[in-house]
Participant: 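Just passing along the structure, written as C-alpha cells.
It should be emphasised that the depicted structure is a prediction, and the values quoted were computed from it without experimental measurement. Reminder, nothing fancy here: chain letters follow the sequence lines and each chain counts from 1. FYI, side chains are in, hydrogens and waters are out, and symmetry mates aren't considered; it's all heavy atoms of this structure.
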Amino acid sequence: MTITLPDGAARTFTAGVTGAEIAAAISPSLGKAALACKIDGRLTDLSEPIAADAALSIVTMKDREEALGLIRHDCAHVMARAVQELWPDVKVTIGPVIENGWYYDFDRAEPFSDEDFAAIEKRMRQIIAARDPVRTEVWDRARAVAHYKSTNEPYKVELIEAIPGDEPIRMYWHGDWQDLCRGPHLAHTGQVPADAFKLMKVAGAYWRGDSRNKMLQRIYGIAFASKAELDQHLTMLEEAAKRDHRKLGKELDLFHLQEEAPGMVFWHPMGWRLYRALEDYMRRRLNASGYHEIRTPQVVDRKLWEASGHWENYRENMFITEIDESTGAGEHANEKRVNALKPMNCPCHVQIYNQGLKSYRDLPLRLAEFGSCHRYESSGSMHGLMRVRGFTQDDAHIFCTEDQIEGETKSFIALLSSVYADLGFDGFDIKLSTRPETRAGSDAIWDKAEAALEAAVKAAGVPYQIDPGEGAFYGPKLDFKLTDAIGREWQCGTFQADFVLPERLGAEYVTPEGEKARPVMLHRAILGSFERFLGILIENHAGRMPLWLAPRQAVVATITSEADGYAAEVAAALSAAGLRAEADLRNEKINYKVREWSAAKVPAILAVGAKEVEARSVAIRRLGSNGQTILPLVEAVAALAAEATPPDLARA
RNA sequence: GCCGGCUUAGCUCAGCCGGUAGAGCACCUGAUUUGUAAUCAGGGGGUCGGGGGUUCGAGCCCCUCAGCCGGCGCCA
C-alpha cells in the first residue's frame, strides 16, 4: 500500500497502518508533534487505520487553523469531563468549537458560579497533565442508545435519535471519560496547551436553541496555541471593552438611558451635535441623489396597521395607545380609539404616494424620511444604542416599475458605498436573500426582481453571497454588512423589493397605455438607524471622531488670563469659519486643560499665551500627538476649516 | 421573554462574620497666572435601585418588582 506525503514522496506501508505510526516512522519528533492527520485531504484522528493507497499529511501546531480547531474541540471534551468528575449528576449535551474557543452546554440543577470556574480549570489541567490517550470506536445506534440510557444521559439519546439512519455513531474516550462525537480529536489530552485556555463566562442557552426547551447552562472558553496568544487575545478584549459605545457615551457625555424610558435615548448636547452632523450629511446625500424628504405621523390609527398587515403580524412589538374619545362617561364610555406608534414608516409613505393620481412619468418616486419609529423590543434584547425601542431610520421608499428595479438597485449601492467610505468604513459585504417557501407574488415577478438585484450587485463589483430562501415573504432583499476598525461586522444597510404592500394599500400608477398598474416598492436604508449607526461609529473610532464629525472640533485654551481677550477672538474666528469651537478661559494650568480636553477627545487644542497674543498665532496640538504646531491665526483657521468640511462638500 | 450576575455620592469603586457608610475624581469656596495629560488648601454631598419581610439591629440575610450587564431566544 502506498502513502503519498505532502512533499511528493511515496512510501510503502502495510494496510491498516495509522497516521500516528507513519508520523513516527518519518521521524520521532514528528511522531511527537503530530496532532492529527489528513487522509486524502480529510482531517481525521491519528489512530484511524488506513486501508488503501492514500495521500497523507500530518497535522502539527504549524497547521494553525487545524491545530486550533482540534485544541478547542478537545478543550470542550476535557472541560465536560472535568465538570462530570466534579459534579457527577451533571448531564452533558453538546460542545462545539466557536470563534476563538468553544462552549459546552450542561444540564445541572445548581447554577455554575464564577468560583466553580477555578475548580473546573484546575481539574482540566489535571486531565491534561495525565496525558490520557484519546481513542474512538464506531458503534451501532442501538448499542449507543442503550449505553446512554444506562448512563442516564437523555440529551445524548436525543442527539443520536436525530442523526440520520445511515451515519455511523462515533464514540470517543478521553481516558475513561466517554462522549458522543463526530471527531476528530488530538491523540492524547496532554496535547491541549495547559496554559493557553481560559473559561470566560457561563450563560443560559436553550436546549437545541429552542425557547420552548429547557434552559441549559453554557460555559464558554477560549483557547489558543500558546499562553502568549491567549494573553494577546485577552488584551484585545480589554481594548474592545474600552471602546464600548456605552462607556464612551458616558465618558464623553454624549447620551444616556434611564429606567423610566428603557431603550429610548436621551441625547446630550455633545451627542446631539454628533447626531446632527451625521443627519445633515445624510440629508445632503439624499437630496443630491433624487430623494424627496417627507415627514409622517408617529401616532397612527390601528386601521392603517390592519390594512398594512402589521396589526396581524407585528402587533406584539408595537406600542399601542388607547384614547377615550367619548364626550363623557355614560353611554359612549366604550368608544376607545386605538392608535399605535409607528414601528415602520412604509405604510405612511404609501399614504403620501396615494395622494393624487400618479403617472408612470412620476416614477421612480423616491420618498425619504428620517423616520422616528418605536418597537417594543423584548427586555433582554436591548443593548445601548445598538438595539433600542425608539429609533430613527434613514428610511426611504422608492416607488418604481419592475423595469426600474435594477437601475435603482445600482444607484443605491453606489450611494451606500460612497456613504460608508465617507464615514470611514472601507469594506462591506452584500447578502442577497432570495424567495422563501411561503411568499407573495408570482414566480415571474420574483424571477425578475431577483435577477435585477443580482445584476446590480454584480455590476457593483462588491463581494456578495446568496442566502437562498431567506428573503422576506414580500420580496427579495439585499443586506449590507460593514466591517469596523477591529474587524467586527455590522448589518446596517438594507434594500428590499416589496410586491405586497403596494397591493395591500392600493398604490397604483397610470401606464403609458392609460391603464392602472401597481408600482413596486423598494424599502431601503443605508445607516439602518441613526442611533445604532452612531454606536458603531463611536466604537469604530474609539470615540476619536474625525474632525468633521467631532462634537467639539476645537478648544482654545488660555495659558494665562492675559490671553483671555485674544482667545475669545480666536474662538470667534473659528466659529465664523463654521467650526464647533469654544474657548477655555478657566484659571487652570495648561497641563490641566490639555489633559482634560484630550480625555474628552477634542481633535484640536489651540493653546494661546503671551507669545501667541504677541504674534497673533496659535499653538495647535492635535489629539494623539504630543507636539505642537505654531501657526498664524488666519492660517490655522483656514486649515482647520478645510479639514472640517464634510467629505461630500469637500468634493463639491 | 428565559438563565445567571449586578444595582452603594454626579462618575469609578471599597465596605469582613449583620452592629448604623468610605476613597479617588467631579462639584463649590479660597489661594495660585500657570507653556502642553492632574497646583494647593478648605467645604458640601448618600432614604446604599423601589417595595415588603426576618432580626434587638440590615448596605450585607429572605421575598418581590424594576433597570442594567453577559448569553440564549426574538429582530413579520
Participant: Classify A:Glu612 by what it touches in the nucleic acid, base, sugar-phosphate, or nothing, heavy-atom distance under 4.0 Å.
Facilitator: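 Touches a base.
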Participant: Would you please classify the geometry between the A:His77 ring and the A:His73 ring as parallel, tilted or perpendicular, with 30° and 60° separating the classes?
Facilitator: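 Judged by the thresholds at 30° and 60°, the geometry between A:His73 and A:His77 is perpendicular.
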Participant: Using the closest heavy atom to pick a nucleotide of RNA chain B for each, name whichever of A:Lys250 or A:Glu260 lands nearer the 5' end.
Facilitator: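 So the residue in question is A:Lys250.
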Participant: Please determine which of A:Trp87, A:Tyr155, A:Phe112 meets the ring pair (Phe, Tyr, Trp, His ring centres under 6.0 Å) test together with A:Phe106.
Facilitator: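 With A:Phe106 as partner, A:Trp87, A:Tyr155, A:Phe112 yield a single ring pair (Phe, Tyr, Trp, His ring centres under 6.0 Å), made by A:Phe112.
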Participant: Determine: side-chain N/O of A:Arg246 to OP1/OP2 of B:G70, distance under 4.0 Å, yes or no.
Facilitator: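 So the side-chain polar atoms of A:Arg246 do come within 4.0 Å of the phosphate oxygens OP1 or OP2 of B:G70, strictly under.
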Participant: Provide the distance between the two P atoms, one in B:G57 and one in B:G18, to the nearest whole Å.
Facilitator: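 My reading of the P atoms in B:G57 and B:G18 gives 16 Å.
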Participant: What interatomic distance, in whole Å, is found between P of B:A58 and the corresponding atom of B:A21?
Facilitator: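 Straight-line distance between the two P atoms is 12 Å.
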Participant: May I have the distance from A:Arg621 (atom CZ) to B:U36 (atom C1'), rounded to whole angstrom?
Facilitator: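 To the nearest whole Å, that distance equals 5 Å.
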Participant: Tell me if the centroids of the rings in A:Trp446 and A:Phe499 come within less than 6.0 Å of each other.
Facilitator: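 When the ring centroids of A:Trp446 and A:Phe499 are compared, they turn out to be within the sub-6.0 Å range.
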Participant: Across all strands shown, which nucleotide pairs with B:G70 by Watson-Crick or G-U wobble geometry, both distances under 3.5 Å?
Facilitator: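 Answer to the pairing question: B:C3, which forms a Watson-Crick or G-U pair with B:G70.
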Participant: Using Watson-Crick or G-U wobble geometry with both distances below 3.5 Å, tell me the partner of B:U55, or none.
Facilitator: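 Looking at the geometry, B:U55 pairs with no nucleotide.
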Participant: Taking atom P of B:C68 as reference, at what distance in whole Å does atom CG of A:Asp244 sit?
Facilitator: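 In whole Å, B:C68 P and A:Asp244 CG are 14 Å from each other.
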Participant: Starting at atom CG of A:Asn213, determine the distance to atom C1' of B:C2, rounded to an integer number of angstrom.
Facilitator: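 That distance rounds to 12 Å.
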Participant: Please state whether the phosphate of B:G71, meaning OP1 or OP2, lies under 4.0 angstrom from any side-chain nitrogen or oxygen of A:Lys201.
Facilitator: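 Checking A:Lys201 against B:G71: at least one side-chain N or O falls below 4.0 Å of OP1 or OP2.
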Participant: Can you tell me how far P of B:C75 sits from CD of A:Gln491, to the nearest Å?
Facilitator: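 In whole Å, B:C75 P and A:Gln491 CD are 14 Å from each other.
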Participant: Using atom C1' of each nucleotide, how far apart are B:G51 and B:U12 to the nearest Å?
Facilitator: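 Each nucleotide's C1' atom is 29 Å from the other's.
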Participant: Can you tell me how far P of B:G4 sits from CZ of A:Phe112, to the nearest Å?
Facilitator: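 Going from A:Phe112 (CZ) to B:G4 (P), I get 13 Å.
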Participant: Looking only at atom C1', what distance separates B:C48 and B:G35, rounded to whole Å?
Facilitator: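 One C1' to the other, the span is 45 Å.
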Participant: Of all the choices, B:G70, B:C72, B:G35, which nucleotide is nearest to the side chain of A:Ala610 once you look at every atom?
Facilitator: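 Output: B:G35.
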Participant: How many whole angstroms separate atom CE of A:Met382 from atom P of B:G70?
Facilitator: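 Atom CE in A:Met382 sits about 13 Å away from atom P in B:G70.
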Participant: Decide whether a cation-pi geometry holds between A:Arg552 and A:Trp597; the criteria are a distance under 6.0 Å from NZ or CZ to the six-membered ring centre and an angle within 45° of the ring axis.
Facilitator: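 Geometry flag: not set, cation outside 6.0 Å or 45°.
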Participant: Among B:G73, B:C3, B:A38, which nucleotide sits nearest the side chain of A:Met215?
Facilitator: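 Nearest to the side chain of A:Met215 among the choices is B:C3.
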Participant: Which value, in whole Å, describes the distance between the P atoms of nucleotides B:G53 and B:C60?
Facilitator: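 One P to the other, the span is 14 Å.
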Participant: Quick one: the side chain of A:Arg208 and the base of B:C72, do they pair up donor-acceptor inside 3.5 Å?
Facilitator: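 Per atom types, no contact qualifies.
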Participant: Quick check, are the ring centers of A:Phe412 and A:Phe480 under 6.0 angstrom apart?
Facilitator: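 Yes; A:Phe480 has its ring centre under 6.0 Å from that of A:Phe412.
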Participant: Roughly, in whole Å, what's the span from CZ in A:Arg218 to P in B:G70?
Facilitator: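 A:Arg218 atom CZ is separated from B:G70 atom P by 16 Å.
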Participant: Using Watson-Crick or G-U wobble geometry with both distances below 3.5 Å, tell me the partner of B:A37, or none.
Facilitator: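 The answer is none; no pair meets the criterion.
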